[in-house]
There are 2 protein chains.
Amino acid sequence: MKDILTQLNPVFDHRNRLGIMSILAVNDWVDYGTLKELLNLTDGNLASHMKPLEAAEYVEYRKQFVGRRPQTTYAATAAGKTAFKAHLDALELMLKFGK
Amino acid sequence: MKDILTQLNPVFDHRNRLGIMSILAVNDWVDYGTLKELLNLTDGNLASHMKPLEAAEYVEYRKQFVGRRPQTTYAATAAGKTAFKAHLDALELMLKFGK
DNA sequence: TGCATAACTTTGCAGAACAAAGTATTTTGA
DNA sequence: TCAAAATACTTTGTTCTGCAAAGTTATGCA
């Protein structure tokens with residue numbers, strides 16, 4: 001059990017970050033507003049959750065203009081997808097502990 | 001997605017509490033020392049995680065003597081098992097979001 | 001001219017998690 | 001017999017998080 005716990009990735013160890021990664025695991029280039037809406041987060045709150053994910057290079061962003069308004073979109077990197085999968089595997093292992 | 005998020009139970013929303021419930025979901029009457037050891041927690045830390053679980057009546061305890069030493073053992077209540085399962089179902093739903 | 005929108009950053013606070021130390025009782029070992 | 005250990009906590013104090021709310025910059029629209 002101890003060794004499973006160490007395999008849980010602290011960066012993903014939060015409901016909102018799990019949510020972000022769940023979305024980005026299957027949808028490339030999701031925009032800021034959509035993420036905010038889906039997860040019911042305030043502007044600042046979403047930014048503060050994206051920061052550690054970006055810092056770990058688990059997500060990347062693209063800034064573009066739609067019409068003439070700026071738009072930021074996010075996608076999970078390959079490393080992000082791998083790390084997320086590893087986290088979920090550890091989670092699953094832990095939840096099945098003892099069975 | 002929003003409605004899934006609200007189904008996540010805040011009481012379980014922590015790696016150590018997930019660990020505790022994973023153990024108690026399949027093992028009745030696990031003693032304090034074993035939980036502490038398995039989860040790599042300090043005395044005080046385990047106590048502080050058990051408290052909200054007890055308060056929610058998700059776990060119950062039994063105090064007895066083994067030899068002549070006191071021993072506290074814990075088990076998940078029926079309500080605890082149900083709530084935990086609901087939490088895991090919501091988690092799974094969230095992680096599969098978009099697929 | 002002024003309000004709106006997008007995407008943040010900054011600020012400040014309240015609550016959580018943690019380690020470490022303290023407590024009570026009993027037991028074991030030198 | 002006297003000190004140290006074990007069980008199961010509680011208390012204390014600090015650090016870390018997460019959050020809302022407000023501020024910021026750069027357009028866009030009416």
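A note on names: the letters A, B, ... follow the listed sequences, proteins ahead of strands, and every chain is numbered from 1.
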Closest non-hydrogen atoms of B/Val59 and B/Thr77, given as atom of the first, atom of the second and distance, are C-CG2, 3.9 Å
Rounded to whole Å, the NE2-C1' distance (B/His14 to D/dT17) equals 11 Å
Quiz item: So, does A/Ser22 use its side chain to make a donor-acceptor pair with the main chain of A/Leu18 at under 3.5 Å?
Solution: yes
Under a 4.0 Å heavy-atom criterion, DNA chain C is touched by chain A from C/dT5 to C/dT9
| Are the side chain of A/Thr34 and the backbone of A/Val30 linked by a donor-acceptor contact shorter than 3.5 Å? | no
Separation of D/dT27 atom C1' from A/Phe65 atom CZ, nearest Å, is 8 Å
When rounded to whole Å, the NE2 to C1' distance for the pair A/His49 and D/dT17 reads 9 Å
What side-chain donor-acceptor pairs closer than 3.5 Å can you find for residues 9-16 of chain A, not counting sequence neighbours?
{"from": "A/Asn9", "atom 1": "OD1", "to": "A/Val11", "atom 2": "N", "distance (Å)": "3.0"}
{"from": "A/Asn9", "atom 1": "ND2", "to": "A/Tyr58", "atom 2": "OH", "distance (Å)": "3.1"}
{"from": "A/Asp13", "atom 1": "OD2", "to": "B/Arg15", "atom 2": "NE", "distance (Å)": "3.1"}
{"from": "A/Asp13", "atom 1": "OD2", "to": "B/Arg15", "atom 2": "NH1", "distance (Å)": "3.3"}
{"from": "A/His14", "atom 1": "ND1", "to": "A/Asn16", "atom 2": "N", "distance (Å)": "3.0"}
{"from": "A/Arg15", "atom 1": "NE", "to": "B/Asp13", "atom 2": "OD2", "distance (Å)": "3.1"}
{"from": "A/Arg15", "atom 1": "NH1", "to": "B/Asp13", "atom 2": "OD2", "distance (Å)": "3.3"}
{"from": "A/Arg15", "atom 1": "NH2", "to": "B/Leu5", "atom 2": "O", "distance (Å)": "3.0"}
{"from": "A/Arg15", "atom 1": "NH2", "to": "B/Leu8", "atom 2": "O", "distance (Å)": "3.1"}

Residue pairs meeting salt bridge (charged side-chain N to carboxylate O under 4.0 Å, His left out), one or both in residues 77-88 of chain A, sequence neighbours left out, come to A/Asp28-A/Lys81, A/Lys85-A/Asp89
Once the angle between the rings of A/Tyr74 and A/Tyr61 is folded into 0 to 90°, is it parallel (under 30°), tilted (30 to 60°) or perpendicular (over 60°)?
perpendicular
Sequence neighbours excluded, the answer for side-chain contact (heavy atoms from CB on, under 4.5 Å) partners of A/Gln71 is A/Asp31, A/Gln64, A/Val66, A/Thr73
To the nearest angstrom, the CD-P distance between B/Glu37 and D/dA6 comes to 13 Å
Atom CG of B/Asn16 and atom C1' of D/dT17 are separated, to the nearest Å, by 15 Å
List the atom pairs, with distances to 0.1 Å, where a side-chain N or O of residues 46-57 of chain B and a protein N or O form a donor-acceptor pair under 3.5 Å, not counting sequence neighbours.
{"from": "B/Ser48", "atom 1": "OG", "to": "B/Gly44", "atom 2": "O", "distance (Å)": "3.4"}
{"from": "B/Ser48", "atom 1": "OG", "to": "B/Asn45", "atom 2": "O", "distance (Å)": "2.9"}
{"from": "B/His49", "atom 1": "ND1", "to": "B/Arg17", "atom 2": "NH1", "distance (Å)": "3.1"}

Under 3.5 Å, N/O pairs linking protein and nucleotides 9-11 of chain D:
{"from": "D/dC9", "atom 1": "OP1", "to": "B/Lys63", "atom 2": "NZ", "distance (Å)": "2.6"}
{"from": "D/dC9", "atom 1": "OP2", "to": "B/Lys63", "atom 2": "NZ", "distance (Å)": "3.4"}
{"from": "D/dC9", "atom 1": "OP2", "to": "B/Thr72", "atom 2": "OG1", "distance (Å)": "2.8"}
{"from": "D/dC9", "atom 1": "OP2", "to": "B/Tyr74", "atom 2": "OH", "distance (Å)": "3.4"}
{"from": "D/dC9", "atom 1": "N4", "to": "B/Asp43", "atom 2": "OD2", "distance (Å)": "3.0"}

Worksheet item: Looking across every strand, which nucleic acid part, if any, lies under 4.0 Å from A/Arg17 by heavy atom: base, sugar-phosphate, or nothing?
Response: sugar-phosphate
Rounded to whole Å, CD of B/Glu54 lies from P of D/dA8 at a distance of 13 Å
